[in-house]
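A short worksheet on the structure shown next.
Computation of the quantities below employed the complete heavy-atom set of this structure, encompassing side-chain atoms and omitting hydrogens, waters and symmetry-equivalent molecules. Everything numeric in this text was worked out from a predicted model, so none of it was measured.
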Amino acid sequence: MFDDVAKSSLRVAVAGLAARQNAISNNIANIETPGYQARKVKFEEALSSAVAQGQSPSTVTPSVLKSLEPTRLNGNNVNLDEETLAHIDTTMRYQLAIRALDGKYSSIRDAIKGA
């Protein structure tokens with residue numbers, strides 16, 4: 001009851017989205033650093049696959065990969081437009097996941113209170 005697939009999936013999603021936000025902020029902070037390669041965080045496919053195969057979502061961890069985008073002359077491949085859009089998308093997904101988790105825990109709180 002307290003650890004269903006939906007809650008486990010949402011917790012993994014929140015962790016993955018937080019890791020993505022961290023990678024995006026590092027990418028933007030290093031936009032002028034020569035040789036810096038942008039990082040990308042992937043977890044959605046692994047999470048979807050785990051759920052589809054009946055595995056526990058909690059076994060999924062986000063993977064941080066180097067971006068394969070083309071580099072500029074200084075060896076840096078951070079694209080500010082792409083990072084800005086990724087930041088907006090990730091923030092919206094994070095807020096949605098937090099609201100969904102809050103709803104799940106709210107139901108448990110109500111059950112405990114006897115409401």
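- Each of Asn26, Asn76, Asn27 was evaluated against Tyr36; a single residue qualifies, Asn27, per the side-chain hydrogen bond (donor to acceptor under 3.5 Å, both in side chains) test.
- Both Tyr105 and Tyr94 sit in one connected hydrophobic cluster of ILVMFWY residues. Membership requires side-chain heavy atoms under 4.5 Å apart, directly or through other members.
- Checked options Val51, Asp4, Leu10; the residue passing with Pro57 is Val51 (criterion: side chain to side chain contact (heavy atoms under 4.5 Å, CB included)).
- With contacts defined as side-chain heavy-atom distances shorter than 4.5 Å, the pair Ser9/Leu47 qualifies.
- Checked by atom type and distance alone, the side chain of Thr84 pairs as donor or acceptor with a backbone atom of Leu80 at under 3.5 Å.
- By the 4.5 Å heavy-atom criterion applied to side chains, Thr71 and Gln37 are counted as neighbours.
- A donor-acceptor pair under 3.5 Å is formed between the side chain of Ser25 and the backbone N or O of Asn22.
- Residues Ala38 and Val78 share a closest heavy-atom pair of CB-CG2, 4.0 Å.
- For the pair Lys40 and Val64, the minimum side-chain heavy-atom distance is 4.5 Å or more.
- Put simply, the side chain of Phe43 does not reach to within 4.5 Å of the side chain of Thr61, judged on heavy atoms.
- Atom CD1 of residue Ile88 and atom CZ of residue Arg93 lie 13.0 Å apart, to the nearest 0.5 angstrom.
- Cluster annotation: Val12 is connected to Val5 through the hydrophobic network of ILVMFWY side chains, with a link wherever side-chain heavy atoms come within less than 4.5 Å.
- Inter-residue side-chain proximity for Asn79 and Glu69 is flagged as unmet; no heavy-atom pair is nearer than 4.5 Å.
- Annotation: side chain of Leu65 is not in contact with side chain of Arg39 (no heavy-atom distance under 4.5 Å).
- The closest side-chain heavy-atom distance from Arg20 to Glu44 is below 4.5 Å.
- In this structure, the separation between NZ on Lys113 and OG on Ser106 is 7.5 Å, given to the nearest 0.5 Å.
- Paired with Leu17 under the rule side chain to side chain contact (heavy atoms under 4.5 Å, CB included), one option of Thr90, Asp89, Val41 passes, and it is Thr90.
- Taken from CD in Gln95 to CZ in Arg99, the straight-line distance is 6.0 Å, to the nearest 0.5 Å.
- Between the side chain of Asn77 and the main chain of Ser67, a donor-acceptor pair closer than 3.5 Å is present.
- A donor-acceptor pair under 3.5 Å is absent between the side-chain atoms of Gln21 and the main chain of Gly16, judged by distance alone.
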